[in-house]
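Here is the structure we will look at.
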Amino acid sequence: MTTPQPVAVVGGGIGGLSVALALGRVGAHTTVYEQSPQFEELGAGIGLGPNAVRRLDAWGLGQSLREIACVPDALLVRDAEDGRVLGRLPMADAFVSRHGAQYLTVHRADLHQLLLKSLQQQGTAALKLNHGLSALTQAPTGVQLTFDNGEQVDSVQALIGADGLHSRVRGVVCGEQAPVPSGHWAYRTLLPMQAVPLAWRQSQMGMWLGSGLHVVHYPVRGGESLNLVVLVEAKDDATTAGWDVARTAAQTDEDLQAATHACCPALQALLEASAHWRAWCLFDRPPVPSAAHLVRGSVALAGDAAHPMLPYLAQGAGMAIEDADCLAHQWQIPHASTAQRLQMYAQARWQRVAKVQQRARRNGRIFHADGGWRMARNLAMALGGAKLMDMPWLYGA
Ligand SMILES: Cc1cc2nc3c(=O)[nH]c(=O)nc-3n(C[C@H](O)[C@H](O)[C@H](O)COP(=O)(O)OP(=O)(O)OC[C@H]3O[C@@H](n4cnc5c(N)ncnc54)[C@H](O)[C@@H]3O)c2cc1C
């Protein structure tokens with residue numbers, strides 16, 4: 001009997017590790033190739049919708065996930081300029097009864113560590129650091145990979161590109177196109193809870209909607225810290241990806257102060273509680289237009305490589321987890337070739353992720369509305385309340 005060729009996963013972020021973990025659970029052996037010298041995640045908090053939490057629970061991570069997460073009681077939406085409460089959406093148990101799972105908030109690094117540890121315990125993946133993919137070709141015998149450390153790998157059964165926003169694998173699947181700079185910036189900070197003004201030391205998610213900006217905050221790390229993010233439409237063209245772009249701390253503070261000068265005193269006081277902000281320029285891509293944009297032959301895309309999105313639905317990692325779950329589902333179908341499985345994966349995923357990308361962009365326009373649009377939004381929130389904030393189509397799937 002010949003040993004099955006392993007599946008190669010390029011990228012060891014939340015997406016790549018989720019793919020390796022989910023495939024391993026259904027008996028597929030993977031090799032994860034990560035370009036960095038260590039597996040690590042930067043960044044701050046992320047929200048995990050019930051759609052993601054339900055899948056992580058099914059992978060057996062439920063208990064350890066809750067040890068690192070917080071369960072917000074509610075989402076409170078306010079107008080950033082006058083501080084008025086626009087709506088309150090009960091979460092926690094209400095989400096369990098409506099969507100079958102909780103909404104959790106976690107630190108991105110904690111989730112990444114949890115996935116890594118679980119994968120190591122599962123023992124179904126080889127993990128290779130310092131392996132930046134530089135080229136790949138598809139041959140009838142399988143996919144051949146070349147890495148920038150000079151190593152070559154022949155004949156892997158399938159390759160999943162989970163190599164993020166600037167994916168190299170993407171070029172092979174659907175041609176090179178640069179991601180789109182949105183002109184929006186995320187300013188993020190993590191505050192020790194004892195430094196947070198008393199009014200905001202709650203087990204709640206807060207969202208403040210302003211003209212050309214919005215602010216989100218929620219507890220992470222079991223309530224030890226508050227994740228605080230200000231999302232701003234910048235005046236200049238944003239072209240730099242990643243954390244700690246070439247701006248001094250003083251410039252970052254200056255930009256942030258200029259952007260938030262019209263916010264109400266309560267919000268200003270919360271923002272002033274942190275002196276350590278970092279700026280992140282936001283990119284996305286147009287919504288996935290067809291299944292063919294997710295797969296070619298034995299090569300498929302997952303996570304941000306496939307469908308990077310603005311964080312205005314808080315679903316980038318959630319969609320990567322759904323991708324992984326869907327891939328594992330296809331791997332269980334008997335008598336299918338690898339190419340057929342990847343085709344079925346792409347067919348099952350493309351419309352869903354395209355809708356999420358589209359809605360994330362639309363949320364940006366609603367959250368940042370100005371003038372008459374702002375008044376119309378606030379009126380709609382007053383009339384529609386919590387119903388407008390809930391998303392059964394997203395959370396229930
Ligand atoms: C401000 C902000 C807030 C967010 N909030 C949320 C939220 O609340 N909820 C949510 O679900 N999502 C959120 N997201 C989105 C989420 O963080 C991402 O969608 C998710 O982390 C993407 O994971 P990934 O593994 O696909 O990509 P990445 O995290 O980019 O990982 C890609 C990995 O591939 C590696 N790599 C790249 N190129 C190569 C190569 N050639 N060879 C080998 N390895 C390579 C990289 O080093 C990296 O480790 C947010 C994003 C931002 C910017």
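In listed order, ligands and their atoms are each counted from 1.
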So which protein heavy atom does [atom] come closest to, and at what separation?
{"atom": "atom 32 (C) of ligand 1", "result": "Ala162 O, 3.5 Å"}
{"atom": "atom 28 (P) of ligand 1", "result": "Gly164 CA, 4.2 Å"}
{"atom": "atom 24 (P) of ligand 1", "result": "Gly15 N, 3.8 Å"}
{"atom": "atom 17 (O) of ligand 1", "result": "Arg108 NH1, 2.5 Å"}
{"atom": "atom 34 (O) of ligand 1", "result": "Gly11 CA, 3.2 Å"}
{"atom": "atom 37 (C) of ligand 1", "result": "Asp163 O, 3.3 Å"}

Can you tell which of [options] gets a heavy atom nearest to [atom]?
{"atom": "atom 15 (C) of ligand 1", "options": "Ser36, Ala324, Gly316", "result": "Gly316"}
{"atom": "atom 3 (C) of ligand 1", "options": "Ala314, Gly13, Pro311", "result": "Pro311"}
{"atom": "atom 41 (N) of ligand 1", "options": "Asp284, Leu133, Asp304", "result": "Leu133"}
{"atom": "atom 7 (C) of ligand 1", "options": "Leu145, Val19, Ile46", "result": "Ile46"}

With a 3.5 Å distance limit and no angle check, can you tell me whether [X] reaches the backbone of [Y] through a side-chain donor-acceptor pair?
{"X": "Gln343", "Y": "Ala291", "answer": "no"}
{"X": "Gln138", "Y": "Ser298", "answer": "yes"}
{"X": "Arg285", "Y": "Pro308", "answer": "no"}
{"X": "Gln204", "Y": "Gly206", "answer": "no"}
{"X": "Ser18", "Y": "Ile14", "answer": "yes"}

Evaluate [X] for polar contact with ligand 1, using N/O atom pairs at a separation under 3.5 Å.
{"X": "Leu282", "answer": "no"}
{"X": "Ala305", "answer": "no"}
{"X": "Gly47", "answer": "yes"}
{"X": "Gly132", "answer": "no"}
{"X": "Gly45", "answer": "no"}
{"X": "Glu34", "answer": "yes"}

Indicate the ring-plane relationship of [X] and [Y], choosing parallel, tilted or perpendicular according to the 30° and 60° boundaries.
{"X": "Tyr395", "Y": "Tyr103", "result": "perpendicular"}
{"X": "His131", "Y": "Phe147", "result": "perpendicular"}
{"X": "Trp208", "Y": "Trp200", "result": "perpendicular"}

In one Ile/Leu/Val/Met/Phe/Trp/Tyr side-chain cluster, 4.5 Å: Met381, Val85: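 Looking at the clustering, Val85 is in a separate group from Met381.
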Shared hydrophobic cluster for Tyr345 and Val353 (ILVMFWY, side-chain gaps under 4.5 Å):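 They do not share one cluster, since no chain of ILVMFWY contacts under 4.5 Å joins Tyr345 to Val353.
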Mind checking whether Phe95 and Val53 have side chains closer than 4.5 Å, heavy atoms only?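 In short, these two side chains do not touch, never coming nearer than 4.5 Å.
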Ligand 1 contact on [X] by region, counting heavy-atom pairs under 4.0 Å:
{"X": "Val10", "value": "side chain"}
{"X": "Ser167", "value": "neither"}
{"X": "Gln35", "value": "both"}
{"X": "Met309", "value": "neither"}
{"X": "Arg188", "value": "side chain"}
{"X": "Ala317", "value": "both"}
{"X": "Trp280", "value": "side chain"}

Contacts of Glu322 meeting salt bridge (charged side-chain N to carboxylate O under 4.0 Å, His left out) (sequence neighbours excluded), chain-then-number -> Arg55, Arg349, Arg352
What heavy-atom pair brings Ser203 and Pro219 nearest, and what distance separates the two atoms?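 Of all heavy-atom pairs spanning Ser203 and Pro219, the closest is CA-CG, 4.2 Å.
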Mind listing the closest non-hydrogen atom pair of Asp370 and Ser211 along with its distance? OD1-OG, 3.1 Å
Please list, in number order, the atoms of ligand 1 under 4.0 Å from a heavy atom of [X].
{"X": "Gly318", "value": "11 (O)"}
{"X": "Tyr33", "value": "43 (C), 44 (N)"}
{"X": "Ile14", "value": "25 (O)"}
{"X": "His131", "value": "42 (N), 43 (C)"}
{"X": "Gly303", "value": "26 (O)"}
{"X": "Ala186", "value": "1 (C)"}

Please report the C-alpha distance between Gln102 and Arg66 in whole Å, then the side-chain angles of each, then the deciding distance to 0.1 Å, and finally whether the side-chain hydrogen bond (donor to acceptor under 3.5 Å, both in side chains) criterion is met. CA-CA 10 Å; Gln102 292 164 321; Arg66 279 159 188 80; 2.8 Å; yes
Does Tyr312 have its ring centroid less than 6.0 Å away from the ring centroid of His368? yes
Taking only residues two or more places apart in sequence or in another chain, which ones pass side-chain contact (heavy atoms from CB on, under 4.5 Å) with Gln122?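 Gln122 satisfies side-chain contact (heavy atoms from CB on, under 4.5 Å) with Leu21, Arg25, Leu119, Thr124 only.
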Hey, is CD on Gln177 packed in by over 12 heavy atoms from elsewhere, all under 6.0 Å?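 Atom CD in Gln177 is crowded, with more than 12 foreign heavy atoms closer than 6.0 Å.
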Please determine whether any non-hydrogen atom of Glu41 lies less than 4.0 Å from an atom of ligand 1. yes
Contact check, Met319 vs ligand 1, heavy-atom distance below 4.0 Å: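 Contact check Met319 vs ligand 1: negative.
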